[in-house]
Amino acid sequence: MKNAVFRPFDSSLPLDDSLKTLRSALAGADDGELFVERRKSEALVFDDGRLRTASYDASEGFGLRAVRDDVTGYAHSTELSPAALGRAAETARLAVGEGGGTWADGPKPTNRRLYTDDDPISGQSFPVKIETLREIDAFARDLDPRVVQVSATLAASIQEVEILRADGVIVRDVRPMTRVNVSVILQQNGRRESGSAGGGGRVGLDGLIDPTDWQAKAREALRIATVNLDAVPAPAGVMEVALGPGWPGILLHEAIGHGLEGDFNRKGSSAFAGLMGQQIAARGVTVLDDGTIPDRRGSITVDDEGTPSQRNTLIEDGILVGFMQDRQNARLMGVEPTGNGRRESYAHAPMPRMTNTYMLGGDAEPADLVAEIKDGIYAVGFGGGQVDITNGKFVFSCTEAYRVENGKVGAPVKGATLIGDGATALKQIRALGNDMALDPGMGNCGKQGQWVPVGVGQPTVLMDGLTVGGAAT
């Protein structure tokens, strides 16, 4: 089913009047736009045998931005009216002052579509969604008698945006998002452990509510919980570490990706500032940020400034070759925007953000990489972490990891954390597997209070000298 068309410049914000107001606000500026958004979202949580939460949210509003040099004026409102737009223009105009800016060329248009514009919320009936969650709960409990709790979540949203520029060009994008998540708790001999699995993307709900899909997620959640029931305390010390493919790329995203965003480098606050063209990683390491992958969680047909997304190479064979840029930072750094200007909603100004950030694979067999480890761990699942952008130092907790000694994978370990800094870790990569994979579609990225959906990925990665935090041996 098609989502009801959102055309604000045909109704609540008449185009001619809006364009006149926008041009007045941006006279003498370098850049700016009017970003108008409507968003709907739904989330259902089935927990402990019953529907725990059913939420629905709908919002709409606009944000008007005026940019002069490195100063941004931004005003937003939930009221879509000429009067509200006029008030916002007066506020945003304060950043322009007396003007004197050089107006930047607008983004190049694109006819590309990377995902459906169907509304995933109305695509399936409410009873079907509830029954799917109930079936997930029953399936997980039937699979293993040790299950004491199941939590299943189904979420869907649709975001519609129209971006008006001073030249009269309107850029439109309709962005669906869906996700299904399954978490279980197992109990055995008085010990309880949990496991979770999930994913989705910019797709409809049809595939995610298919039993083939959610049953695989339930089995994976049970597998992880079963592994953790046998886990022993993690060792501590400086060790060799093998990172699994796919979701472990979240470490790459946090510890390295943020440091390659344009604003941090323009201001000199990134650990990678001033290193363009230099070797910052081991040979063979190539890192991309690619917003053009169809249906992926982090993909965007156009960014929130109207620039088409791109496949950007950040590190090539260990050499730093590019940053992720929005329009403002690109102009100030004398480079082209890369389609990475993103914002959480109309209430936020855009900034350089990642889309799908991943490391390309090598030619080694994954099992051979693990077999090279003399004393270390093999980490295949990650939870939360913390990163300092200025120096790249990170701490990440492992949700699934194994002890490896003399090339043999041993017992699973719990309580393991990986500690290091991105710049050093990049140079300590010893080998890359031939199994590059993207995550299943569950990433969210926070920056300066704004959250946007992202994707990550990598192959199996063998690293030297990473600090593992755990119980002392």
Side-chain angles (χ1 to χ4, degrees), residues 5-38 60-77 80-82 84-96 99-113 159-175 262 291 300-310 325-332 335-353:
V5 176
F6 178 56
R7 296 291 188 186
F9 298 116
D10 291 343
S11 54
S12 50
L13 293 173
L15 179 58
D16 289 344
D17 291 343
S18 298
L19 188 56
K20 182 178 179 180
T21 301
L22 179 63
R23 286 172 174 168
S24 176
L26 301 183
D30 294 319
D31 206 355
E33 73 284 312
L34 175 60
F35 179 92
V36 192
E37 174 193 28
R38 180 172 71 178
E60 64 180 30
F62 72 81
L64 193 156
R65 182 179 66 145
V67 179
R68 175 76 172 88
D69 293 328
D70 62 349
V71 179
T72 297
Y74 197 76
H76 62 89
S77 175
L80 298 185
S81 72
L85 182 59
R87 293 191 294 269
E90 293 176 0
T91 300
R93 174 73 194 172
L94 296 176
V96 181
T102 301
W103 187 253
D105 293 336
K108 296 179 181 179
T110 178
N111 292 319
R112 181 184 59 195
R113 290 292 302 163
Q159 178 196 26
E160 300 166 89
V161 303
E162 288 203 351
I163 304 168
L164 175 63
R165 293 190 52 80
D167 58 6
V169 172
I170 298 176
V171 178
R172 176 175 174 79
D173 198 17
V174 181
R175 303 163 178 169
I300 44 175
T301 299
V302 295
D303 71 7
D304 294 322
E305 300 176 302
T307 304
S309 60
Q310 299 177 26
Q325 303 283 7
D326 63 355
R327 288 177 58 82
Q328 182 181 23
N329 285 280
R331 184 180 66 258
L332 293 172
V335 297
E336 293 296 317
T338 60
N340 290 93
R342 306 187 66 188
R343 65 182 99 197
E344 180 178 328
S345 74
Y346 66 87
H348 305 85
M351 65 180 80
R353 303 295 300 272

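Count residues from 1 along the sequence.
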* To do: State whether the side chain of S77 and the backbone N or O of A84 hold a donor-acceptor pair below 3.5 Å, judged by distance alone.
  => no

* Asked: Given side chains that start at C-beta, do those of T307 and V302 come closer than 4.5 Å, heavy atoms only?
  -> no

* Structure fact -> dist D304:CG -> S345:OG (nearest 0.5 Å) comes out at 9.5 Å

* Asked: Between the main-chain N or O of V67 and the side-chain N or O of T72, is there a donor-acceptor pair closer than 3.5 Å?
  -> no

* Structure fact -> d(L34 CG, I170 CD1) to nearest 0.5 Å is 9.5 Å

* **Taking every non-hydrogen atom, the tightest pair across G339 and Q310** => N-NE2, 4.3 Å

* Asked: Is the closest side-chain heavy-atom distance between F62 and L85 below 4.5 Å?
  -> yes

* Tell me, do F9 and L19 make a side-chain contact under 4.5 Å, heavy atoms counted? -> no

* Any chance you could lay out the side chain to side chain contact (heavy atoms under 4.5 Å, CB included) test for V96 and L26, step after step, and finish with the verdict? => CA-CA 7 Å; V96 181; L26 301 183; 5.6 Å; no

* Asked: Salt-bridged, D105 to R165, with N to O below 4.0 Å?
  -> no

* So do R331 and P337 actually touch side chain to side chain, heavy atoms under 4.5 Å? -> no

* **Check: R327 side chain, T338 main-chain N or O, donor-acceptor pair, under 3.5 Å** => no

* So, R65 and E305, do they make that salt bridge, N to O below 4.0 Å? -> yes

* **Heavy-atom donor-acceptor pair, S24 side chain to K20 backbone, under 3.5 Å** => no

* To do: For the pair R113 and D173, evaluate side chain to side chain contact (heavy atoms under 4.5 Å, CB included) and give the outcome as yes or no after the intermediate values.
  => CA-CA 9 Å; R113 290 292 302 163; D173 198 17; 2.7 Å; yes

* **4.5 Å side-chain heavy-atom contact, L64 and H76** => no

* For residues A92 and A66, report the shortest heavy-atom separation together with the two atoms involved. => O-CB, 3.5 Å

* How close do R68 and A95 get, heavy atom to heavy atom, and via which atoms? -> CB-O, 3.5 Å

* So does R175 pair up with E160, basic N to acidic O under 4.0 Å? -> no

* To do: Could you verify whether a donor N or O on one side chain and an acceptor N or O on the other, from Y74 and R343, lie under 3.5 Å apart?
  => yes

* To do: Go through the steps for L164 and L22 under the test side chain to side chain contact (heavy atoms under 4.5 Å, CB included), then give the verdict.
  => CA-CA 9 Å; L164 175 63; L22 179 63; 4.0 Å; yes

* Separation between CZ of F35 and CD of E162, rounded to the nearest 0.5 Å -> 10.5 Å

* Side chain of D30, backbone of D69: donor and acceptor closer than 3.5 Å? -> yes

* Any side-chain heavy-atom pair of D31 and Q328 under 4.5 Å -> no

* Structure fact -> To the nearest 0.5 Å, atom CG of L13 lies from atom CG of D16 at 12.5 Å

* With a 4.5 Å heavy-atom cut-off, do P82 and P14 have their side chains touching? -> yes

* Ignoring hydrogens and geometry, is there a side-chain-to-backbone donor-acceptor pair from N340 to R353 under 3.5 Å? -> yes

* Asked: Would a 4.5 Å heavy-atom cut-off, applied to side chains only, mark V161 and R172 as touching?
  -> no

* Asked: In Å, rounded to the nearest 0.5 Å, how long is the span from CG of N329 to CE of M351?
  -> 10.0 Å

* Given Q159 and E37, is the side chain to side chain donor-acceptor pair (under 3.5 Å) satisfied, shown in steps? -> CA-CA 7 Å; Q159 178 196 26; E37 174 193 28; 2.9 Å; yes

* Considering all heavy atoms, the nearest P352-G262 contact -> CB-N, 3.9 Å

* Which heavy atom in W103 sits nearest to a heavy atom in G32, and how many Å separate them? -> CH2-N, 3.6 Å

* Indicate yes or no for a side-chain donor-acceptor contact from D303 to the backbone of G341 under 3.5 Å, with no hydrogens or angles considered. => yes

